[in-house]
Amino acid sequence: MSAQRPAASANDPAIKVTGLSKRFADAGPLVLDRINLRIEPGEFVCLLGASGCGKSTLLNIIAGLEQPTSGTVSVASGNAAVMFQDAALFPWLSARHNVEIALALRGVPRAQRRSQALELLDIVSLRDAAEKRPHELSGGMRQRVALARSLAQDRPVLLMDEPFAALDAITRDLLHEQLELVWRQTRRTIVFVTHNVREAARLGQRVLLMSSRPGRIANEWRVEDTGQRRIESPEVASLAIEITDQLRKEIRRNAA
Amino acid sequence: MSAQRPAASANDPAIKVTGLSKRFADAGPLVLDRINLRIEPGEFVCLLGASGCGKSTLLNIIAGLEQPTSGTVSVASGNAAVMFQDAALFPWLSARHNVEIALALRGVPRAQRRSQALELLDIVSLRDAAEKRPHELSGGMRQRVALARSLAQDRPVLLMDEPFAALDAITRDLLHEQLELVWRQTRRTIVFVTHNVREAARLGQRVLLMSSRPGRIANEWRVEDTGQRRIESPEVASLAIEITDQLRKEIRRNAA
Amino acid sequence: TTPTATSGPPAELHLGYFANVTHAPALVGIEKGFFQDALGDTKLKTSVFNAGPATIEALSAGAIDAAYIGPSPAINTYIKSGGASAVIVSGATSGGAALVVRDGINSPSDLPGTTLATPQLGNTQDIALRAWLADQGYTTSTTGGGDVTISPTDNADTLSLFQDGKLDGAWLPEPWVSRLVLEGHAHVLVNEASLWPKSKFPTTVLLVNKDFLAAHPDTVKALVQGNVDAVDWLNDNPADAGTVINKRITADTGKGLSNDVIARALENVQFSVDPQAAAFPVLVKHAAAVDLGTDGSIDGLFDLRFLNEILSASGAHPISTHGLGKE
Amino acid sequence: MPPETTLAPPEAEVRPPNDLRTLESGLDALQTAPVAEKRAWRRFVAGVLPPVLFLIVLIVAWQVYVVVAHPRPDRFPGPLDVINALDDAWSTGRVQLAVATSLGRGALGFLIAVAIGTPLGLLLAEVRLVRRALGPLISGLQVLPSVAWVPAAIIWFGLSDATVYFVVIMGAVPSIANGLVSGIDQVPPQLRRVGIVLGASRLQLATLVVLPAAMPGYVGGLKQGWAFSWRSLMAAEIIATGGTMGFGLGSMLQQNRELADLAGVLTTILLILAIGILIELVAFAPVERKLLRGRGLLITRNSK
Amino acid sequence: MPPETTLAPPEAEVRPPNDLRTLESGLDALQTAPVAEKRAWRRFVAGVLPPVLFLIVLIVAWQVYVVVAHPRPDRFPGPLDVINALDDAWSTGRVQLAVATSLGRGALGFLIAVAIGTPLGLLLAEVRLVRRALGPLISGLQVLPSVAWVPAAIIWFGLSDATVYFVVIMGAVPSIANGLVSGIDQVPPQLRRVGIVLGASRLQLATLVVLPAAMPGYVGGLKQGWAFSWRSLMAAEIIATGGTMGFGLGSMLQQNRELADLAGVLTTILLILAIGILIELVAFAPVERKLLRGRGLLITRNSK
Ligand SMILES: Nc1ncnc2c1ncn2[C@@H]1O[C@H](COP(=O)(O)OP(=O)(O)OP(=O)(O)O)[C@@H](O)[C@H]1O
Ligand SMILES: Nc1ncnc2c1ncn2[C@@H]1O[C@H](COP(=O)(O)OP(=O)(O)OP(=O)(O)O)[C@@H](O)[C@H]1O
Ligand SMILES: [Mg+2]
Ligand SMILES: [Mg+2]
């Protein structure tokens with residue numbers, strides 16, 4: 001693992017996708033069509049697209065959970081941490097043990113797990129809830145545990161598949177702030193999949209718009225990093241308007 | 001039913017709530033605390049508040065699904081149509097039959113039900129999906145069927161409890177437009193419960209902010225009706241910023 | 001079977017019995033038509049059982065009106081129902097039960113530690129074995145413990161278990177005694193006849209549902225007549241008896257007995273309409289002693305009026321109930 | 001339209017502009033990808049062929065063993081012996097009689113159990129006091145092996161068909177009633193609320209909302225009730241033989257045992273198994289599948 | 001920390017500003033309202049009292065009927081007769097012996113069934129070919145009334161305890177195996193994916209993720225397996241009496257039947273029922289409740 005990570009010394013990309021195509025069945029439709037993508041270390045990239053355009057498929061291939069039909073994918077660190085829409089915590093373990101299991105599977109010695117897990121939970125303001133079971137936590141708290149767990153994996157690349165889609169708006173806004181903080185301070189490379197144009201415009205340094213059937217990168221926007229921005233800010237709004245228009249154009253293409 | 005609806009001739013409010021309080025158990029906490037509310041016919045009111053502040057409880061009392069502990073509620077039309085977060089379609093009936101059952105229970109003669117149901121489904125652009133079962137529809141389509149069903153009830157007052165919270169952002173934006181259209185053209189009185197500050201600012205003529213434990217109306221904003229507005233528009237954004245700050249203040253009050 | 005005496009003869013009489021040598025009067029009565037002749041317009045319907053308790057259950061539930069049965073189940077139902085269930089209207093068979101054992105057991109003193117079978121818990125032979133063992137000073141238990149283990153087992157299973165060496169012996173009625181002797185190479189250790197005064201003890205009696213008796217006394221009398229005829233025929237035609245019995249057994253079970261078995265079996269049973277009422281109090285005492293019967297009164301267990309009417313009509317001696325019922 | 005529907009707008013007015021329409025239909029198309037149904041014969045090949053092939057291999061191995069090793073035929077009959085036994089029993093009409101008797105009893109007993117269990121379940125589900133007092137007892141009865149009722153039933157009803165029916169009913173009624181109760185309990189409260197909001201009366205709520213919504217649970221209960229009926233029936237038939245009892249599959253099994261005819265015993269077991277499976281496939285599976293499919297509750301596991 | 005954890009930031013740096021902290025803790029407080037647990041004695045009063053009262057009323061009515069109407073004691077014994085019968089059987093030690101024998105047999109048979117059913121279930125769940133070929137047969141076996149095995153078992157094993165164990169195992173193995181299979185099938189695929197993403201090996205995935213996640217289904221299968229063990233055991237004990245068979249509750253039932261002792265029969269039925277309920281309450285219910293509660297799957301129905 002450490003051998004595969006040349007400390008980002010060269011100008012290597014964090015993620016490199018070349019000519020990636022994907023079909024699920026031999027005779028099935030083309031889900032992803034020759035996707036090329038280069039993501040630099042420390043970038044925050046939002047992947048935006050309508051339902052079924054292949055966002056999750058692309059993310060899963062980068063995560064190594066699916067195999068591409070053709071093309072290559074390389075992740076600088078060899079492996080990536082992943083967060084899903086569903087927090088997917090192990091329901092029989094407390095919040096702390098959910099984090100510890102990630103530490104254990106990474107090879108952290110038993111003696112250090114507990115304190116490290118508590119530190120990670122502290123990052124997401126959940127030190128007090130460390131001994132609670134997932135069902136005793138609210139949806140937002142569960143996603144924060146999942147975030148702590150993926151931080152415990154200690155990978156430079158974090159893939160997130162609509163992680164906040166199931167949360168209410170208030171909690172979502174808060175987690176945006178939380179995630180941005182983590183990103184700014186740990187300088188992880190983040191690929192963030194979402195339906196939500198404003199969320200993408202709020203969070204991303206780069207926003208990639210995917211088209212549907214087959215999935216392609218249809219457009220790309222870059223946002224100047226001017227420090228933290230509110231979702232209601234005019235920059236976010238104007239970018240959102242632009243992206244929305246493009247997205248709607250993509251969706252209309254699919255009208256029967 | 002028709003007797004109780006004096007054609008809004010007098011300046012009667014559509015909904016009038018006076019000194020409404022609610023406890024669920026005799027020794028339980030006060031969920032709603034002396035709420036006074038007057039909603040004029042044709043108004044679009046958004047009810048905003050954090051989790052558990054009693055929004056649903058208030059709505060259910062107005063709908064007649066719960067009984068208040070003290071205080072009175074009067075709805076001009078005697079009865080209100082309701083839409084929930086979960087579309088709550090009858091899973092064994094097709095979209096059309098789901099609408100027809102509402103017509104049947106309203107007393108529409110059998111011969112007219114089919115054509116009326118199809119007209120109502122047409123309003124939500126679902127005429128083509130009329131014969132599909134709920135599980136064959138996407139979440140957004142299901143909510144549109146539920147909207148058609150509540151229109152079938154033909155009540156001047158429509159209560160909506162986070163109807164779009166479970167939908168993805170793209171669909172939600174679309175349904176905002178759809179709902180606004182219906183409201184503008186049928187002039188129904190709508191009470192719309194939401195967590196989402198931007199949604200409230202986007203849709204409401206009036207936004208009511210509820211505080212938590214006990215639930216009270218903490219603040220109120222009026223939006224000048226300047227015709228259709230986009231969720232990204234600067235008016236929406238500035239109102240959202242203001243409401244968010246207030247809301248966060250309310251939430252911080254509850255920090256342990 | 002409605003219990004009103006005025007309803008005249010019933011359309012049907014339901015009779016239960018075993019397809020077994022000890023029930024030979026029933027087999028012969030059916031096979032030679034004695035019952036049907038006596039019953040006239042009432043149609044005879046028969047049911048075959050292979051255990052006393054099941055027969056009693058059918059009788060109690062009204063599924064059958066009369067049955068050939070061992071004395072112990074008859075006593076048991078009479079006591080348990082407080083005298084309401086059934087009465088004995090005639091005897092049928094006596095003798096024909098024995099304790100047969102494997103080689104190597106030659107006296108009662110060889111028995112401790114062995115496992116002996118009986119046809120069924122609480123049936124006539126089961127009680128006899130328990131009472132006899134108690135007389136010999138051995139303890140037994142209904143749950144399988146004691147000096148000698150008694151294992152109530154289906155007769156058919158007993159033969160194969162004995163052949164497999166899993167049983168050391170069994171107290172059985174005919175033809176199983178003969179089958180174990182001839183097919184399982186067992187030998188007789190105790191012939192039950194030797195334990196009774198005059199070697200006479202009841203094996204099978206004719207039992208009638210009390211309600212049925214009250215409602216259709218004439219039909220019951222006809223049944224008793226059929227029984228008397230069958231017993232007489234058996235005693236008059238010992239040479240043909242085996243063939244007739246085997247024919248009925250084959251018809252009822254699909255499988256007949258070998259000639260050797262039936263011949264040996266018939267040597268050991270006697271057919272008589274005397275139910276040996278004097279033996280019944282002893283049987284009650286035995287059952288109570290081995291904790292298998294409610295101790296109770298069997299006063300009224302017998303109703304031999306029809307039998308005695310028939311016997312006196314043909315000039316024979318009446319039979320006594322020894323104070324246990326109507327004569 | 002009746003006069004009070006003035007609030008329903010003239011349709012032309014409310015119809016959304018074309019712009020919104022195409023956007024919606026585009027989104028609908030994207031969000032409702034049609035799931036490709038597996039073709040019937042492919043399902044057949046995937047589902048039926050492997051167990052059948054496996055069975056055939058098993059039977060062939062069995063026959064080969066019997067031919068090669070010559071085990072005692074009364075302890076280890078070969079498949080051919082079993083087939084012969086079946087053939088024998090068929091030609092004498094015993095199979096037909098036994099199957100007809102058992103099926104008839106099972107069906108009648110089950111129908112009686114349904115007739116008792118359904119109102120009982122409704123009572124339990126809807127009347128709180130009945131539920132509190134009777135609910136635990138009925139769940140307790142479900143734990144009792146129905147075979148335990150056989151001796152009591154024999155004493156009460158003798159060796160007659162009433163015994164069989166009693167045992168079958170005692171076995172099936174609790175699970176039918178409890179199936180209905182849990183079906184009604186699982187009706188999402190939201191559906192009831194919708195019914196109330198739409199203005200349904202108590203009766204309309206029950207017939208139009210609660211009962212249809214509870215159907216899957218009820219059918220599940222019926223299926224389990226049938227399984228218990230069939231089990232109880234076999235137990236009763238095996239134990240209660242003789243007397244005026246008819247000749248059912250259980251009696252046939254017991255008879256074969258008494259004749260120490262193992263091939264016949266195995267034949268009868270196969271018959272009992274086959275009928276159990278057949279009834280499930282023919283009577284319950286289609287109803288259940290239709291109900292579940294109509295509600296999108298049928299999970300077609302194609303992966304794994 | 002090991003050297004490669006340089007990406008994990010020094011904690012002071014990442015800790016969110018106080019502003020965000022209070023906002024989060026306010027929201028957490030609002031979103032996790034503690035559910036008030038009903039007090040134990042109130043649950044007792046609500047749950048246990050009504051059925052017990054109902055039972056007492058029933059028993060009193062029964063006794064009154066017996067005293068007033070004097071039905072035939074062998075057909076309709078009163079509750080006092082039943083109590084006397086129990087007392088008799090207790091004082092002669094028959095009850096204790098029968099309960100001990102049956103429980104011992106049931107427990108041993110169940111354990112053997114678990115030992116067979118668990119690896120079988122794992123095989124079925126994890127090896128696709130085994131699942132395809134064997135799965136339908138095992139589900140079919142679940143349909144077969146285990147009482148049907150009794151005659152065959154008697155022929156194979158004679159009237160010995162082996163017969164009992166065979167029947168118990170045939171009854172319980174399919175439901176234990178199928179319980180494990182459905183438990184594993186119901187493991188959300190997302191949990192497996194998380195395991196893979198976290199870098200679990202195949203073995204770690206099985207032991208740390210799949211098995212714990214499948215526990216509720218497995219315990220459900222075990223519970224059902226026990227119920228089938230108990231049923232099968234009773235069937236076997238009632239039918240297979242005599243020979244070298246020990247004296248269990250089924251034998252006691254059959255014995256009481258043979259002595260036409262209905263009070264004894266009812267006593268034994270009550271014993272069988274009581275033990276079935278007791279085992280469920282003592283052995284399975286706590287495990288199941290703990291498992292479900294730990295996962296927030298326990299629905300406490302307090303209304304209705
Ligand atoms: N395992 C699978 N087998 C077959 N087809 C699949 C599979 N997974 C996804 N698909 C198809 O691939 C396409 C892309 O799916 P994907 O889940 O990547 O979309 P998405 O952009 O993540 O959608 P959403 O926004 O709804 O999550 C869809 O048409 C889907 O039906
Ligand atoms: N049936 C009930 N019994 C007891 N307490 C209840 C009940 N329903 C709601 N409550 C309590 O009343 C309070 C208000 O609940 P309500 O559902 O109205 O909140 P809400 O504002 O709709 O929350 P959310 O945004 O999560 O939907 C909460 O504290 C909740 O726990
Ligand atoms: Mg996706
Ligand atoms: Mg709510």
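Naming: A, B, ... by sequence-line order, numbering from 1 per chain.
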- Item | D:I239, part contacting chain E, at a heavy-atom distance under 4.5 Å | both
- Query: Relative to each other, are the rings of D:W226 and D:F110 parallel, tilted or perpendicular (30° and 60° limits)?
  - Reply: perpendicular
- Message: Quick check on D:I155 against chain E: is it the side chain, the backbone, both or neither that has a heavy atom closer than 4.5 Å?
- Response: both
- Given side chains that start at C-beta, do those of D:I184 and D:E126 come closer than 4.5 Å, heavy atoms only? yes
- Task: Supply the atom-to-atom distance D:L271 CG to D:M252 CE, rounded to the nearest 0.5 angstrom.
- Result: 5.5 Å
- Message: Does any part of the side chain of D:E237, heavy atoms only, come nearer than 4.5 Å to the side chain of D:R105, both counted from C-beta?
- Response: yes
- Are the side chain of E:S102 and the backbone of E:V99 linked by a donor-acceptor contact shorter than 3.5 Å? no
- Message: What part of E:I154 gets within 4.5 angstrom of chain D, counting heavy atoms only: side chain, backbone, both, or neither?
- Response: side chain
- Query: Where does E:L49 contact chain D at under 4.5 Å (heavy atoms): side chain, backbone, both or neither?
  - Reply: neither
- Under 4.5 Å from any heavy atom of chain D - which part of E:A152: both
- Item | Parallel, tilted or perpendicular, as decided by the 30° and 60° cut-offs, for the rings of E:F157 and E:F166 | tilted
- Task: Report the option among E:L253, E:L134, E:I277 that has the most heavy-atom pairs separated by less than 4.5 Å from atoms of chain D.
- Result: E:L253
- Query: How about D:E280 and D:W230: do any of their side-chain heavy atoms sit closer than 4.5 Å?
  - Reply: no
- Where does D:L262 contact chain E at under 4.5 Å (heavy atoms): side chain, backbone, both or neither? both
- Message: Under 4.5 Å from any heavy atom of chain D, what part of E:V147 do you find: side chain, backbone, both or neither?
- Response: both
- When only pairs under 4.5 Å are counted, which of D:L266, D:I269, D:I279 shares the most heavy-atom pairs with chain E? D:I269
